[in-house]
Amino acid sequence: MKIGVLASGRGSNFKVMCEAARRGDLGGEIAVLISDQPGAGAHAIAREFGVPSVTILPGDHPTREAHEDAVAAALEARGVGLICLAGYMRLLSPALVRRFPNRILNIHPSLLPSFPGMHAQRQALAHGARVSGVTVHLVDEGCDTGPIVLQAAVPVERGDTEETLSARILAEEHRLYPAAVRLFCTGKLRVDGRRVEILP
Ligand code: GRF
């Protein structure tokens with residue numbers, strides 16, 4: 001299975017995937033990193049692991065559709081069968097999601113459906129939640145609404161700041177995302193509407 005990773009930022013989730021792939025634990029090969037940010041930390045990680053990386057700038061394309069077409073073409077040219085969003089700060093259009101049905105994974109730093117969208121950790125603190133966590137889900141046409149693959153709960157501790165809670169959640173992200181990718185790549189996920197069955 002060829003995997004394409006889309007990232008806009010530091011790329012710590014991308015890095016743990018690269019490490020898992022190097023160990024032979026990911027169940028697939030990371031064929032390309034695509035970013036919308038030329039300065040994304042993920043590019044340096046791609047170089048470190050010998051993964052081809054490309055920047056596809058939204059500003060180089062006349063419309064959002066044209067930008068997404070370029071992203072999709074880059075993925076298809078490399079025979080990508082699974083797309084992993086790893087801190088990709090753009091909402092995918094329905095047209096792009098339909099081009100890769102049930103073949104896009106995302107990681108979100110809360111227990112969905114609680115706290116979707118931006119600043120999930122800040123939302124959890126502001127709400128007074130005692131527990132938050134991590135969700136890996138398939139991407140559908142909504143924002144953080146797709147079928148849930150794996151989740152892990154993380155406690156909110158007394159005195160937590162956005163930074164301390166984010167760090168505790170990130171440790172779980174790094175465990176969960178490669179595990180979910182491996183389940184996908186090894187054919188262990190069966191999607192039935194909103195429900196994702198994990199086969200033995
Ligand atoms: C993570 O918190 C992830 O859950 C969210 O964006 C952040 C990306 O972090 N979608 P990194 O770039 O993988 O370090």
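When a ligand or atom number is given, it counts from 1 through the structure's own listing order. Start at 1 with the first residue, then count along the sequence. Keep in mind that this is a model prediction, so the values were computed, not measured.
For the pair F14 and ligand 1, the shortest N or O to N or O distance does not fall below 3.5 Å. Residue contacts with ligand 1: Q121 is placed with no nitrogen or oxygen under 3.5 Å of a nitrogen or oxygen of the ligand (distance criterion only).
Each ring-ring contact (aromatic ring centres under 6.0 Å, His included) pair with one or both residues in residues 39-61, not counting sequence neighbours, appears once here: H61-H67.
Nearest to atom 7 (C) of ligand 1 among the protein's heavy atoms is G87 CA, 4.3 Å. I107 O, 3.9 Å is the protein heavy atom nearest to atom 5 (C) of ligand 1. Shortest contact from atom 4 (O) of ligand 1 to any protein heavy atom: E173 OE1, 2.8 Å. The nearest protein atom to atom 9 (O) of ligand 1, hydrogens excluded, is given as R10 NH2, 3.4 Å; this is a heavy-atom distance.
A salt bridge links E76 with R99: at least one charged nitrogen is closer than 4.0 Å to a carboxylate oxygen.
Residue H137 is tested with N106, L85, T145 for a side chain to side chain contact (heavy atoms under 4.5 Å, CB included); the sole match is N106.
In this structure E29 satisfies the side-chain hydrogen bond (donor to acceptor under 3.5 Å, both in side chains) test with no other residue, sequence neighbours excluded.
Within the listing of ligand 1, atoms 4 (O) sit less than 4.0 angstrom from a heavy atom of P109.
The residue among G9, G11, A86, S166 with a heavy atom at the shortest distance from atom 12 (O) of ligand 1 is G11. Summarising the contacts of atom 13 (O) of ligand 1 with V134, L170, N106, N13, the nearest heavy atom is found in N13.
Between the side chains of T135 and Q151, a donor-acceptor pair is found at a separation under 3.5 Å.
Contact annotation: A7 has no heavy atom less than 4.0 Å from any atom of ligand 1.
Of the possible donor and acceptor atoms, one in the side chain of T186 sits under 3.5 Å from a partner among the backbone N and O of R182. Although no hydrogens or angles enter the test, the distance criterion places no donor-acceptor pair under 3.5 Å between the side chain of R90 and the main chain of P58.
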